[in-house]
Enquirer: 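Below are the structure tokens for one structure; questions will follow.
Chain A is the first sequence line, chain B the second, and so forth, proteins listed ahead of strands; every chain is numbered from 1. Note that the structure is predicted; figures quoted are calculated from it, not measured.
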There are 2 protein chains.
Amino acid sequence: MSRVVKKSAESPAATRIPAAERRELILQAATAVFAERGYAGATTDQVARAANISQPYVVRLFGTKETLFVEAMDRALGKLDESFRRVIAAYDAGALADQVALLDPALGSRRQDRLRQLMAVAYADLIEDRGILMMLMQSFVTGHEPVIGPRARDGFLALYRLIRDEAGLDADAARDFLAQGMLMNTLISLRLPEVYDEEPTATELLECTLRTKLPLVLNASRAHRRVG
Amino acid sequence: MSRVVKKSAESPAATRIPAAERRELILQAATAVFAERGYAGATTDQVARAANISQPYVVRLFGTKETLFVEAMDRALGKLDESFRRVIAAYDAGALADQVALLDPALGSRRQDRLRQLMAVAYADLIEDRGILMMLMQSFVTGHEPVIGPRARDGFLALYRLIRDEAGLDADAARDFLAQGMLMNTLISLRLPEVYDEEPTATELLECTLRTKLPLVLNASRAHRRVG
DNA sequence: GTCTATAGGAAGATAGAC
DNA sequence: GTCTATCTTCCTATAGAC
């Protein structure tokens, strides 16, 4: 646990890497660590180790742990935003005919009905990188922090506006869409996929919530356990 | 910020109180503090101050911070469980005729449809003590902690079984019910009620999600800011 | 039942070498 | 661009008095 451990082989890489690239590597590591343990629970040293560099270097590049968290959060929000926008643009360009054909007709056929379903799929696809969704979840429960809180609120509201204004969901549909997303986030954050085989109740709830995306999630969960 | 502050008037009460009662007071304080800052972000000293006693005494009574968190979590889960069971029992005893009369007929009239709506109201009522719901949320994102995580999973699954088996909701209805709950938790944890007046988007989303319960929530939020 | 004092151990950040 | 060493602060938990 101490910072002074392992003089072993693959420790601090010391490979010189351009700052921009290094920053992205650290942000990936930070996303995983913050996702797992939250802002207060994570240490800059854990991030450093995950990125295979020294703790002071992390601080050097980002200034403070707070800034690091904010940047990781923005990155996660950005990925989600980007993912939704891509779906919307592709749909409006008529590029998703084959996927549209697979949608449940009972759920409606207006543009907003189609987009609702397509975005739900896109959201669930993001679960593959379980860090993103858990990072968001951790951001949402850090509302009390003076600099993180306001940015988390802004990011969340921006997502809401995106699905309401760009995708055109009416208020109730947008709310339900968000609600399903928050449930998925919760199940992932609770690590329910990790007890999928042992807890019949977990099995049922996961299957009912994630449907066709369940194998994706279970794989991600198992991959995580092999590493973690 | 330091622990050594204020020798002022209303400091450590030193009033002798029976242990059982003191424990409950501390659990209330702990719920508020953990709800606000999470397991890792909260300190036993903050809990102590909220309970007007010394930090070592908190530890003395609960052993470890971890145990304190677990007990606060169990208490919050228990309150929710109790609240739902009370609704179910009252409904089955025919004691809720007047409330049932107010329900939206479009949402169905089977027992499970009624209970779904009545429990939603009960859930939203719990928001009045905003600590409970935020405490639950914080518990759900602490899934990685070796002793807290498993208990949080069990608690969540027990709630799911309650609404499915006792209230009789089918799997999809139970999922949607949970999803709405998780959205409410998220909005509260994000402190969206605190920007209700400033952010039009927040206003819309809160109104759409909380409906008639919104005044309750706004009051709780304002009361909290006066104290906090 | 409750406190003061404090040991012991992180963790974030800085200084400065290579 | 990256590291080692370290300062400082803060926090959990213990000891022991009243």
Enquirer: Pairs of donor and acceptor atoms involving the side chains of residues 217-227 of chain B, under 3.5 Å and at least two apart or interchain, shall be tabulated with distances.
Expert:
{"from": "B:His224", "atom 1": "ND1", "to": "B:Arg130", "atom 2": "NH1", "distance (Å)": "3.4"}
{"from": "B:His224", "atom 1": "NE2", "to": "B:Glu36", "atom 2": "OE1", "distance (Å)": "3.3"}
{"from": "B:His224", "atom 1": "NE2", "to": "B:Arg130", "atom 2": "NH1", "distance (Å)": "3.2"}

Enquirer: Could you check how far CZ of B:Phe62 sits from C1' of C:dT2, rounded to whole Å?
Expert: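 These atoms are roughly 15 Å apart.
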Enquirer: Which heavy atom of A:Met135 sits nearest to which heavy atom of A:Ala76, and what is that distance?
Expert: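 That closest heavy-atom pairing would be CG-CB, 4.0 Å.
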Enquirer: Please work out if A:Pro18 contacts a base, only the sugar-phosphate, or nothing of the nucleic acid, heavy-atom cut-off 4.0 Å.
Expert: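 Here A:Pro18 touches the backbone only, sparing every base.
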Enquirer: Over how many whole Å does the gap from A:Arg16 atom CZ to D:dC3 atom P extend?
Expert: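 Taking CZ of A:Arg16 and P of D:dC3, I get 11 Å after rounding.
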Enquirer: Across the strands shown, which category fits B:Leu61 at heavy-atom distances under 4.0 angstrom: base, sugar-phosphate, nothing?
Expert: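 B:Leu61: no heavy atom of the nucleic acid under 4.0 Å.
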Enquirer: Once you apply a heavy-atom cut-off of 4.0 Å, does B:Ala42 come out as touching a base, just sugar-phosphate, or nothing?
Expert: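 Answer is sugar-phosphate: B:Ala42 comes under 4.0 Å of backbone atoms only.
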Enquirer: If the plane angle is over 60° it's perpendicular, under 30° parallel, otherwise tilted; pick one for B:Phe34 and B:Tyr39.
Expert: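 B:Phe34 and B:Tyr39: tilted rings.
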Enquirer: Hey, which of these two, B:Arg60 or B:Gly63, hits DNA chain D nearer its 5' end, going by closest nucleotide?
Expert: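 That would be B:Gly63.
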Enquirer: Who pairs with B:Arg23 by salt bridge (Lys or Arg N to Asp or Glu O under 4.0 Å), at least two apart in sequence or on another chain?
Expert: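 Per chain and number, B:Arg23 pairs via salt bridge (Lys or Arg N to Asp or Glu O under 4.0 Å) with B:Glu71.
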Enquirer: How long is the line joining CD of B:Gln55 and P of C:dA5, in whole Å?
Expert: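 After rounding, the gap between these two atoms is 14 Å.
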Enquirer: Would you say A:Thr44 reaches C:dG12's phosphate, i.e. side-chain N/O to OP1/OP2 under 4.0 Å?
Expert: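 For C:dG12, OP1/OP2 do have a side-chain N/O of A:Thr44 under 4.0 Å.
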Enquirer: From the list C:dA5, D:dT2, D:dA5, which nucleotide is the closest neighbour of the side chain of A:Pro56?
Expert: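 Of C:dA5, D:dT2, D:dA5, D:dA5 is nearest to the side chain of A:Pro56.
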Enquirer: Closest approach to the side chain of A:Ser54, judged atom by atom: which nucleotide of D:dC3, D:dA13, C:dG1 is it?
Expert: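 The nucleotide sitting nearest to the side chain is D:dC3.
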Enquirer: Hey, which of these two, A:Ala40 or B:Tyr57, hits DNA chain C nearer its 5' end, going by closest nucleotide?
Expert: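 Checking each residue's closest nucleotide, the 5'-ward one belongs to B:Tyr57.
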